[in-house]
Amino acid sequence: MSERIKIAVQKSGRLSENSLDLLHRCGLQYARSQSRLYCAGENMPVDILLVRDDDIPSMVQQGVCELGIVGENVLREQQEADRETGNGQATVVRGLDFGYCRLSIAAPRETPYAGPQSLDGRRIATSYPAILGRYLARHGIEAKIVRLAGAVEIAPSLGQADFICDLVSSGNTLNANDLRETEVILDSEALLVATPRTLSPEKQAWVDRMQRRIDGVVRVRESKYIMLHAPRSAVAEISRLLPGSETPTVVSLDGCDNRVAMHAVCRETVFWETLEALKDAGASAMLVLPVEKMLA
Ligand code: ATP
Ligand code: ZN
């Protein structure tokens, strides 16, 4: 049996570019095959399977792929639908800091809304019947779920539904359809998921290695390396101001008794305001550098 691992990624859609970029940053080089379904890794025993996002949770759950990148909304819908069957689930490894959106209930602008009770006895169009069903059950509401595969946002104007439950990011699509968001029922981002199946030690080692690299890539995106000069007396105050940093390195400056150089990795975005606050605390010669790679 081959000891290569497979990662399931959305073939073409909103998550595709960021997902492939993430794998590329992990050092994975691959050739796109003619069929474009299967990309063999050229420098590691790691292959990419390009599929519809809806297929990713079950592929990972069944061990067809050891890892996958999928929206939390899609994973949760599958999990809710599988709740009765008791199937094992794909394991969430971590959020990937892209693909942010929310699953929300929305209504035509003129529809009155005073909380979830306003949904009682109404028709709600959605592609997420399982998540919506669970939400309604939790609130003790009886509503009719109208299942649609797409074009959910036009259901109210076609008279198919009174409300919709759909993904929103900017809200532009809702606005364009004269709808207003009334309730957020799930906040979502792209997730790295792993199979619950037991793997051979060789495969497990590659799964662990990819997980560590992905973790490093996601954490490194916001991280900055900051260097500055400061009066020795201001070291404590400046350490406090450095966003998300562990103990900074403090080194003496040649021929200078009362000034030091400080270096730190900041794990949060360094804003201009932060630099201004550091300057007010006595810092000078500040340099903020991007971090290329990080391994804990
Ligand atoms: P597929 O052909 O793979 O089934 P799809 O049409 O179901 O694609 P996309 O529209 O490409 O899916 O969205 C993929 C994922 O991107 C969504 O499941 C969601 O997690 C995320 N996403 C982020 N913002 C939005 C948005 N505004 N609308 C829809 N999805 C969004
Ligand atoms: Zn889909």
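All ligand and atom numbering here is 1-based and tracks the order in the structure. The model shown is predicted, which means the values in this text are computed figures rather than measured ones.
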Colleague: Using a strict 4.0 Å cut-off to heavy atoms of Gly13, name the atoms of ligand 1 that fall inside it.
Modeller: 11 (O)

Colleague: Go through the structure and list residues passing side chain to side chain contact (heavy atoms under 4.5 Å, CB included) with Ser58, not counting sequence neighbours.
Modeller: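 Per chain and number, Ser58 pairs via side chain to side chain contact (heavy atoms under 4.5 Å, CB included) with Gln62, Gln78.
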
Colleague: Would you indicate whether Glu17, at its atom CD, is surrounded by more than 12 heavy atoms from other residues, nucleotides or ligands within a distance under 6.0 Å?
Modeller: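 Count not over threshold, so no.
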
Colleague: Do Arg134 and Glu80 sit within salt-bridge range, that is, some charged N less than 4.0 Å from a carboxylate O?
Modeller: yes

Colleague: Return the closest protein heavy atom for atom 30 (N) of ligand 1 as residue, atom name and distance.
Modeller: Leu167 CD1, 3.2 Å

Colleague: Can you name the nearest heavy-atom pair linking Glu3 to Pro45, along with the distance?
Modeller: O-CB, 4.3 Å

Colleague: Just to be sure I read this right, does ligand 1 sit under 4.0 Å from the backbone of Leu15, its side chain, both, or neither, counting only heavy atoms?
Modeller: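 The answer is the side chain.
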
Colleague: Counting both backbone and side chain atoms, is some N or O of Glu72 under 3.5 Å from an N or O of ligand 1?
Modeller: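 Such a contact does not occur with ligand 1.
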
Colleague: Determine whether Gln204 and Asp208 satisfy the following criterion, side-chain hydrogen bond (donor to acceptor under 3.5 Å, both in side chains), listing intermediate values before the conclusion.
Modeller: CA-CA 6 Å; Gln204 189 61 53; Asp208 293 346; 3.0 Å; yes

Colleague: If we ignore hydrogens and angles and just use 3.5 Å, is the side chain of Arg94 paired with the main-chain N or O of Ile214 as donor and acceptor?
Modeller: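 Not at all, since once roles are kept as given, no pair shorter than 3.5 Å links the two residues.
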
Colleague: Considering Asp55, Asn73, Asp166 one by one, which has a heavy atom nearer to atom 17 (C) of ligand 1 than any of the others?
Modeller: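 Checking each option, the heavy atom nearest atom 17 (C) of ligand 1 is found in Asn73.
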
Colleague: Looking only at protein heavy atoms, which one is nearest to atom 27 (N) of ligand 1, and how far off is it?
Modeller: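 That would be Ser169 OG, 2.6 Å.
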
Colleague: Quick one: which ligand 1 atoms are inside 4.0 Å of a heavy atom on Val74?
Modeller: 18 (O)

Colleague: Which heavy atom of Arg4 sits nearest to which heavy atom of Lys203, and what is that distance?
Modeller: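 Shortest heavy-atom separation between Arg4 and Lys203 comes out as O-CE, 3.4 Å.
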
Colleague: Please indicate, with yes or no, if any protein heavy atom is found under 4.0 Å from atom 12 (O) of ligand 1?
Modeller: yes

Colleague: Kindly say whether Leu148 contributes a backbone atom to a donor-acceptor pair with the side chain of Ser127 at under 3.5 angstrom?
Modeller: yes

Colleague: Which atoms from ligand 1 have a heavy atom of Tyr100 less than 4.0 Å away?
Modeller: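 Result: 23 (C), 24 (N).
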
Colleague: Look only at interatomic distance and state if Ser188 has a nitrogen or oxygen under 3.5 Å from any nitrogen or oxygen of ligand 1.
Modeller: no

Colleague: List the closest protein heavy-atom neighbour of atom 7 (O) of ligand 1: residue, atom name, distance to the nearest 0.1 Å.
Modeller: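 Minimum-distance protein heavy atom for atom 7 (O) of ligand 1 reads Asp53 OD1, 3.3 Å.
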
Colleague: Using a strict 4.0 Å cut-off to heavy atoms of Gly71, name the atoms of ligand 1 that fall inside it.
Modeller: 20 (O)

Colleague: Any donor and acceptor pair, going by atom type alone, linking the side chain of Asp47 with main-chain N or O of Gly41 inside 3.5 Å?
Modeller: yes

Colleague: Between Arg14, Gln10, Arg52, which one has a non-hydrogen atom sitting closest to atom 28 (N) of ligand 1?
Modeller: Arg14

Colleague: Considering only the protein, which heavy-atom contact is closest to atom 24 (N) of ligand 1, and what is its distance?
Modeller: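 The answer is Cys101 CB, 3.4 Å.
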
Colleague: Please answer whether the main-chain N or O of Val260 pairs with a side-chain N or O of Ser252 as donor and acceptor at a distance below 3.5 Å.
Modeller: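 Answer holds: no.
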
Colleague: Between Arg232 and Asp257, is there a donor-acceptor pair closer than 3.5 Å when you use the side chain of the first and the backbone of the second?
Modeller: yes

Colleague: Tally every protein N/O/S atom whose distance to the Zn ion (ligand 2) is less than 2.8 Å; waters are neither shown nor counted.
Modeller: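 Atoms of protein N, O or S type lying less than 2.8 Å from the Zn ion (ligand 2) total 2.
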
Colleague: Given the rule in the side chain to side chain contact (heavy atoms under 4.5 Å, CB included) test, do Thr126 and Ile164 qualify, once you have shown the distances and angles that lead to the verdict?
Modeller: CA-CA 6 Å; Thr126 190; Ile164 67 164; over 6 Å; no

Colleague: Check whether Glu189 reaches the backbone of Asp97 with its side chain - one donor and one acceptor, N or O, closer than 3.5 Å.
Modeller: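 Yes; at least one donor-acceptor contact below 3.5 Å.
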
